[in-house]
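Both counts, for ligands and for their atoms, begin at 1 and track the order of listing. If you're wondering where the values come from, they're calculated on a predicted model, not measured in any experiment.
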Amino acid sequence: MKIIIDTPEKIAEAAAKRYVELLSEKPDAVLGYATGSTPLDLYAELARLNRAGEITFKDVTTFNLDEYVGLDGTHDQSYRYFMDKNLFEKIDVDMAKTHVPSGMDVDKAAEYDKAIEAAGGIDLQLLGIGNNGHIGFNEPGTPFGSVTHVVELTKSTREANKRFFSSIDEVPTHAVTMGIKTVMNARKIIFIALGSAKAPIVREMIKSDVTPEVPASVLLLHPDVEVYLDFEAAALL
Ligand code: F6R
């Protein structure tokens with residue numbers, strides 16, 4: 001695990017460079033994307049580089065980590081909608097090759113792993129971390145062998161995400177998420193944590209034992225993870 005500590009702006013630039021490098025070597029790479037506040041600067045930087053002609057996404061295939069159960073892609077809080085607005089509509093990706101788990105057709109969850117495999121496996125997976133250590137929506141206690149599945153969201157996750165909804169009652173109770181094993185199968189992982197609220201869990205992830213109680217701690221077992229932290233998120237290390 002390589003740890004890089006810098007400002008959010010420099011982190012977005014450095015992480016974007018990894019995409020430039022990967023796509024210049026492998027233009028048809030398979031990219032795993034995340035939603036939430038954390039990747040927004042990176043997505044803006046990728047869109048800028050795309051406009052400037054320094055990167056093209058025209059041959060990539062993408063798979064997102066997760067989606068809320070019960071929200072279809074036109075709902076403005078769905079993760080499909082988030083990706084379309086914050087990245088896909090701003091870059092030259094082929095929309096037909098972008099995948100977000102279906103929040104409506106959850107019986108198809110297991111097919112998501114098969115689709116990833118059929119595409120050749122994920123070359124580069126982007127991850128953020130929840131305040132409780134979740135990656136994707138793999139909440140504490142999720143077995144490390146899990147593949148894409150439906151989860152019940154914890155109170156802490158619903159509290160953290162209620163900022164996007166009119167009230168906590170509007171926050172879906174369930175989500176479909178890539179499993180820990182799905183994430184760990186990615187050949188390379190870029191992990192980003194920003195802000196002081198993440199400092200305690202970042203410390204736990206890096207300093208505690210590898211345990212399902214801190215799902216992100218599994219990343220210590222991955223051979224190629226770059227951990228980008230801003231100064232606030234790194235403050236307790
Ligand atoms: C999002 C995801 C989550 C978030 C995490 C942090 O697709 O899988 O694990 O990365 O909840 O969210 P933010 O970035 O909003 O702090």
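Each of Ala34, Thr35, Gly36, Ser37, Thr38, Leu65, Asp66, Gly128, Ile129, Gly130, His134, Gly136, Arg163, Lys198 has a non-hydrogen atom positioned under 4.0 Å from some atom of ligand 1.
Residue pairs meeting the salt bridge (Lys or Arg N to Asp or Glu O under 4.0 Å) criterion with at least one partner in residues 216-234, sequence neighbours excluded, are Arg18-Glu226, Lys188-Asp224, Lys188-Glu226.
Within a 6.0 Å radius of NZ in Lys26, other residues, nucleotides and ligands contribute more than 12 heavy atoms.
One finds no salt bridge joining Lys17 and Glu13 here, because no Lys/Arg side-chain nitrogen approaches an Asp/Glu carboxylate oxygen to under 4.0 Å.
Aromatic ring orientation, Tyr79 versus Tyr68: tilted (interplanar angle from 30° to 60°).
At a cut-off of 3.5 Å, with distance as the only test, a side-chain donor of Thr98 or Arg80 sits close to an acceptor on the other residue. There is a side-chain donor-acceptor pair under 3.5 Å between Thr74 and Asp72.
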